[in-house]
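Okay, so here's the structure we're looking at.
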Amino acid sequence: MISRRHRINQTDRSQHMIKIIEDPHKALKVGVDLIESAEKEVLVMFYTPNAFHRQEKMGMINLLKKIAKEKNISIRILTPKDDTIKELSGQINKECDRFNIRFMQPVLQSKISILIVDKIYSLIVELKDDLKETSHDAMGISLYSDSTASVSSYVSIFESLWITLELHENIKESNKKLHQSNFQLSMAEKKYRNLYENSPSLLRSITTEGILIDCNNAYANALGYSKEEAIGMSIYDHTAERSIEDLKNDLEKWKETQQISHMEIWMKRKDGMIFPTLLTGTSLLDEYGKLIGRTVALLDMTEIHKARLKIEERGTRLQQQYGQLEKSHELLVATEKKYRNLYENSPSLLRSITTEGILIDCNNAYANALGYSKEEAIGMSIYDHTAERSIEDMKQNMSEWKKTHNVPQIEIWLKRKDGVTFPSLLTGTSLFDEHGNLIGRTLALTDLTEMHKARLKIEEREARLKEQFEELKILNKKLEIQDKMQKEFINVAAHELRTPIQPIIGLAEALRCKKGDISSQTHLIDIIIKSGKRLQRVSENILDVTKIESNTLKIHKEMINLREMIYDLFQDFQYHLQSNYKEKDVQIQILAKEDIFVTADRARLTQVMINLFHNAIKFTDKGTIAISIEKTNDTVLVKVKDTGTGISSTVLPHLFTKFSIKSETGTGLGLFISKNIIEAHGGNMWAENNTEGNGATFTFTIPCTL
């Protein structure tokens, strides 16, 4: 609803308004109020006959006749004609000389109708479905405005068409009016020529033979030529050797199908340097539909060039004769279509906005990338398309642009309709009206998704390299420890090997010098035999360690009665205790209630039990060594418990590693070998100090045979 006070003060407005009306009923009400408020003139433009008929049925034509007669207001209507409209027009022109209807050819296809009152207010109505019977059903979104710039632009469109139609009626009076129409088209040509010349994409136009007939400054500069040098050259002069065959194949395919492939082409600069580009474009046809060339956009893949559109004033001299003016008019229409085609089909995401950030135009690439249709996108705010993380940057960019009229290049994250965000590089140029006033800007937004992914991959790779470096440092430390252990192992092994070898050699030489019956020297022979056995154990332990560390330790399993095997070992343990440790007061106990069978390597299990027994007797001077066996579910638990000195707290964490325990009677390899044998059977081994009394308990598990 337009208030009366607003109409009265229409000449004293300090602020302008652009309002979107989504409800068709409200839009029609606004239209009626505007017509009734008119004081000088009403301009109406229908772009389809059906639009005219729908308004006639609703009484709009009668309302216009009424105010033309009662208020002496000028009414002008532009509409395509049919027989009914033509007949009605004749009647109206006779009844009221202030009411004029002119018929236009449907050369400019559009989906809007225009209502302009007193050249102050405008109502632009979107045509949603021209086949509907009523205006309510046929109408889409409406745009009401009292903005001087906005209303003036629609007045200019109306007047240019009105004057153009008048040319066909009166050749003498049409010169001035056709000049105005051509001026409007010239401005459109300037706009799209400006877009072409200053686009950040590299644009060139060629003949079917590949000869350049036009290019923009970005193209010439990127190739290192002036425009005068570049025009007339072959595209192959600008193509790197590696891409010539691809371009030739593409050119031949294009001549057959008129379809331009989306492909990567390597370009060659004047100085011989090459760089990759992404090629896309559109074909050029003459007025007969014959293929005459193509215009392509080459997106520089090596860096994003900052592009600023420059306004280039271009005067057009009007021809004196009507035929020349009409030809100029048609040429400007074709030119506008050409650059509009470039705008629509550019691979860059292009959008045009007002100074308030409202979209007034965009190309298909922009709408598709954001997940909208063009109809949905136009009229939205740029902040609807901006990710939350870039809102403040976008506001700051808009503020700086309004002050300087220069569009700062900036990385902005865009937000799709489905909420997905992606990075883009923003650059563009300002738009001015005929008086030099800033009215908006056209932007090119280059999708940086792939570059962003590449950047993330590089960061991930650097992080991974850093992790690998740290891992290598740890591994190097382990290798240093391993090397130290290896040297220690060699030293221990050499010491252990020398210990039994020396008595063997010395006593053997002593025996050789003895005379008489050798049986009197049995004590020497016993020492030699004992030292030989010790040498054998050392060599076997070293061999076992080598097998364990090279993963070549073999296990030969068979069915074993574990209780029976330990009882057999009991005799050997008793003999060893009495023969070698007469000074110790130690008793051996076997605690096993029932036969328990396991599938295991008898020799290796025997080796484990002997190692555990020797380890227990070594640290026990008085008391007992108890060996127990029990079965729990599918596991056998074997314990060797002594009443000795126990395990030092400093030794316990490293008990089962090599050389954890070293003494005059061992290498410190027995527990390491035993644990690895048990683990090779699928079991486990551990040790702990006894909680009640002295000593320690060594325990291992092994799967039992059901």
Side-chain angles (χ1 to χ4, degrees), residues 192-193 195-197 199-225 227 229-270 272-305 334-350 363-369 374 444 446-447 449-451:
Y192 292 110
R193 162 56 68 178
L195 286 173
Y196 181 91
E197 289 295 341
S199 172
S201 298
L202 315 185
L203 304 179
R204 72 182 181 198
S205 300
I206 63 170
T207 66
T208 54
E209 301 306 315
I211 304 302
L212 262 74
I213 56 175
D214 197 3
C215 69
N216 66 351
N217 291 325
Y219 181 89
N221 293 337
L223 273 292
Y225 295 94
K227 282 189 64 173
E229 287 177 311
I231 294 173
M233 296 180 72
S234 169
I235 56 174
Y236 302 115
D237 295 331
H238 301 165
T239 306
E241 185 67 29
R242 64 192 295 177
S243 291
I244 285 189
E245 286 302 318
D246 292 339
L247 192 57
K248 285 182 178 179
N249 293 337
D250 176 68
L251 210 62
E252 292 302 318
K253 181 180 178 181
W254 163 62
K255 289 179 184 179
E256 294 177 4
T257 65
Q258 297 187 11
Q259 299 297 317
I260 300 174
S261 303
H262 194 65
M263 64 187 297
E264 182 178 294
I265 290 293
W266 281 78
M267 304 295 290
K268 181 176 69 175
R269 287 174 46 85
K270 185 178 182 180
M273 296 290 291
I274 64 174
F275 61 94
T277 64
L278 192 64
L279 179 149
T280 188
T282 184
S283 296
L284 301 176
L285 308 175
D286 63 14
E287 62 270 25
Y288 304 106
K290 181 181 177 182
L291 184 68
I292 59 173
R294 69 181 187 180
T295 295
V296 297
L298 297 128
L299 180 63
D300 190 340
M301 304 278 287
T302 57
E303 61 178 322
I304 304 299
H305 293 286
T335 304
E336 190 273 343
K337 288 182 179 179
K338 170 185 173 182
Y339 290 110
R340 163 58 67 177
N341 196 23
L342 284 175
Y343 181 91
E344 290 294 343
N345 296 285
S346 171
S348 297
L349 315 184
L350 302 179
N363 65 354
N364 291 323
Y366 180 89
N368 294 338
K374 282 191 63 174
T446 303
D447 190 339
T449 301
E450 294 303 320
M451 295 182 186

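- For the atom pair Ile265 CD1 and Arg242 CZ, the distance stands at 10.5 Å (nearest 0.5 Å).
- In this structure, CD1 on Ile292 lies 10.0 Å from OG1 on Thr207, to the nearest 0.5 angstrom.
- Nearest heavy-atom pair, Leu212 versus His238, reported as atom, atom and distance to 0.1 Å: CD2-CE1, 4.0 Å.
- Taken from OH in Tyr236 to CG in Leu251, the straight-line distance is 4.5 Å, to the nearest 0.5 Å.
- Side-chain contact check for Leu278 versus Leu298: every heavy-atom pair is 4.5 Å or farther apart.
- Note: Ile231 CD1 to Met233 CE = 11.5 Å, rounded to the nearest 0.5 Å.
- Listed here is the closest heavy atom pair of Ala240 and Ile274: CB-CG2, 3.6 Å.
- Ile235 CD1 to Ile206 CD1: the interatomic distance, rounded to the nearest 0.5 Å, is 4.0 Å.
- In this structure, the side chain of Lys227 engages the main chain of Cys215 through a donor-acceptor pair within 3.5 Å.
- Across all their heavy atoms, Gln258 and Ser283 have their closest contact at O-OG, 3.0 Å.
- Contact between Ile260 and Thr282 at its shortest, heavy atoms only, is CD1-N, 3.3 Å.
- The number of heavy atoms from other shown groups lying within 6.0 Å of CE (Met263) is above 12.
- A distance-only check finds a donor-acceptor pair linking the side chain of Asn363 to the backbone of Leu350 [under 3.5 Å].
- Residues Leu223 and Phe275 are in side-chain contact: their nearest non-hydrogen atoms beyond the backbone lie under 4.5 Å apart.
- Residues Thr277 and Leu299 form no side-chain contact, since every pair of their non-hydrogen atoms from C-beta on lies 4.5 Å or further apart.
- A 6.0 Å sphere centred on CD of Glu287 holds more than 12 heavy atoms belonging to other residues, nucleotides or ligands.
- Rounding to the nearest 0.5 angstrom, the gap separating the CD1 atom in Ile244 from the CG atom in Leu247 is 8.0 Å.
- Heavy atoms only, all atoms of each residue included: Leu291 and Thr208 are closest at O-CG2, 3.9 Å.
- Remark: the backbone N or O of Ser243 is not paired with any side-chain donor or acceptor of Asp246 at under 3.5 angstrom.
- Residues His262 and Thr280 share a closest heavy-atom pair of ND1-CB, 3.5 Å.
- A donor-acceptor pair under 3.5 Å is absent between the side-chain atoms of Arg204 and the main chain of Val296, judged by distance alone.
- Using a 4.5 Å heavy-atom threshold, the side chains of Thr239 and Lys248 count as separate.
- Looking at Glu209 and Lys255, their side chains come closer than 4.5 Å, going by heavy atoms from C-beta outward.
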